[in-house]
Structure formats: C-alpha cells, structure tokens
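Below is one structure; the comments refer to it alone.
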Amino acid sequence: MTASSSGLRDHLGYWLRRLSDEVHSRFERQLAEHGVTVSQWAVLITVHRGDAGTTREVARYVGIDAGAVSRLVDRLIAKGLMSRESDPVSRRIMRLTLTEAGRELAPRLAEIADLNDAHFFAHLEPAQRLQLEHWIRSLVGDLQPDSPATGKALPWTTTTPPPAR
C-alpha cells in the first residue's frame, strides 16, 4: 500500500456514480410499479412536454442514439402509451404522440420523478440546488438558458457562474 496513491473515495467520479446509482435505482423501483423503465419514462415525458416530437429529436434531447429511442418507442407502443403518426406536411416524418393512457400516465410519472428528486435534494437550499445543477450541466456540456427541471430561466448565463453561498 502506497500512501501517495489516491484511494477510491478520493475520486469525485466515484461519488457522482454512487449518487447517480442511488437516485436511478430508487426511481426505477417506483416506475416499475407502473410498468415503465427509466429510459421509457425519459422518452414518454420528453414527448409529453413537447420537448421533442420525432425519434431523432428525442434522441438528441435525451442524449442517446436514435436506434435505442426507436426500440423504446416500440415498447411504449406495445404498452399502449404511445403511437407513431405520419406528419401532415411530410409523410416521411413519423411524429410521436401519446395515447390517452400515455397522456394520463405522464403527469403521474412526472410527480414520481419530482418526489424522487426531492427525496435526494430537498435538503439543499434552492440556490445550492441550482448551483449544483449548473456545475453538473457544465461538466456534461449542456448549459442551456432554461432549466429542464423547472422550465424557468437560470439566474446566470454560461459566462457568469452562480453566486457562491
């Protein structure tokens, strides 16, 4: 054993993965009660909110490849939660739409997602939560003017870091 070498718990990546695993696992268990996986929820909620309307748009928005999204959509269609419809302007484009069951389920799943986030992050002050979100989004290269969590403009830009507490 060498004292100068760093240990597992000295790495931020280790703690980020642990946190991600905890948040994901709890959310996955809750979604399973509704017959949906986390990946399927991501597609469902993205279409429900109007953030994307085609397989390619969903893939870009969620950050996974279009083939994976297509397979997820196939599963959501099989569950009666989503459908593909020809675009009225271009028949080559297939629009993703939620069925009535999908429109009813999406808000309930969004509430579960919100409660899961609250379970892990409610102890943070609002400014701390926004700062943490900013740092994480900065690290993954996704700094947008609106927070996907709230839909509200963030109180800083990509050139001005959040205020320190």
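When reading the values below, keep in mind they use all heavy atoms of this one structure, side chains included, and skip hydrogens, waters and symmetry mates.
- Remark: side-chain polar atoms of Ser138 are not paired, donor with acceptor, to backbone N or O of His134 under 3.5 angstrom.
- Cluster annotation: Leu132 and Phe120 are assigned to the same hydrophobic cluster (Ile/Leu/Val/Met/Phe/Trp/Tyr, side-chain heavy-atom contacts under 4.5 Å, transitive).
- Taken to the nearest 0.5 Å, the CG atom of Leu72 stands 13.0 Å off from the CH2 atom of Trp41.
- In this structure, Arg92 does not pair ionically with Asp87, as no charged nitrogen and carboxylate oxygen lie closer than 4.0 Å.
- The pair Arg137-Glu133 counts as a salt bridge, with a side-chain nitrogen and a carboxylate oxygen less than 4.0 angstrom apart.
- The closest side-chain heavy-atom distance from Leu124 to Gln131 is not below 4.5 Å.
- A distance of 10.0 Å separates CD1 in Ile112 from CZ in Arg26, rounded to the nearest 0.5 Å.
- Using a cut-off of 4.0 Å between Lys/Arg side-chain N and Asp/Glu carboxylate O, Arg17 and Asp21 are scored as salt-bridged.
- Between the side chain of Glu22 and the backbone N or O of Leu19, no donor-acceptor pair lies under 3.5 Å.
- Looking at Leu109 and Ile45, their side chains never come closer than 4.5 Å, going by heavy atoms from C-beta outward.
- A donor-acceptor distance shorter than 3.5 angstrom exists from the side chain of Trp15 to the backbone of Arg9, with no hydrogens or angles considered.
- Within the model, atoms CD1 of Ile136 and OG of Ser20 stand 9.5 Å from one another, a figure rounded to the nearest 0.5 Å.
- One hydrophobic cluster, built from ILVMFWY side chains closer than 4.5 Å, cannot hold both Phe121 and Leu130; they sit in different ones.
- In the hydrophobic cluster analysis, where Ile, Leu, Val, Met, Phe, Trp and Tyr join through side-chain heavy atoms closer than 4.5 angstrom, Met94 is grouped apart from Val58.
- Side-chain contact between Leu81 and Leu105 is present, with at least one heavy-atom pair separated by less than 4.5 Å.
- Between Glu85 and Thr97 the shortest heavy-atom distance is OE2-OG1, 3.2 Å.
- Proximity of Asp117 to Arg129: side-chain heavy atoms (C-beta onward) are separated by under 4.5 Å at one or more points.
- In this structure, Glu104 contributes its side chain and Ala101 its backbone to no donor-acceptor pair below 3.5 Å.
- For the pair Leu76 and Val43, the minimum side-chain heavy-atom distance is below 4.5 Å.
- By the neighbour-count criterion of 12 heavy atoms within 6.0 Å, atom CZ of Arg95 is densely surrounded, having more than that number from other residues, nucleotides or ligands.
- Once rounded to the nearest 0.5 Å, the distance linking CZ of Arg29 with CG of Asn116 reads 9.0 Å.
- Residues Gln40 and Lys79 form a side-chain contact, since some pair of their non-hydrogen atoms from C-beta on lies under 4.5 Å apart.
- Val23 and Val38 are assigned to two separate hydrophobic clusters, defined by single-linkage of ILVMFWY side chains at heavy-atom distances under 4.5 Å.
- Annotation: side chain of Leu96 is in contact with side chain of Arg84 (closest heavy-atom distance under 4.5 Å).
- If you check the side chains of Ser83 and Thr99, you find no donor sitting under 3.5 Å from an acceptor.
- Atom-to-atom distance recorded for Asp51:CG and Tyr61:OH is 3.5 Å, nearest 0.5 angstrom.
- Separating the NE2 atom in His119 from the CD atom in Gln30 is a distance of 8.5 Å, to the nearest 0.5 Å.
- The pair Arg60-Asp65 fails the salt-bridge criterion, with no side-chain N (NZ, NE, NH1 or NH2) lying under 4.0 Å from an Asp/Glu carboxylate O.
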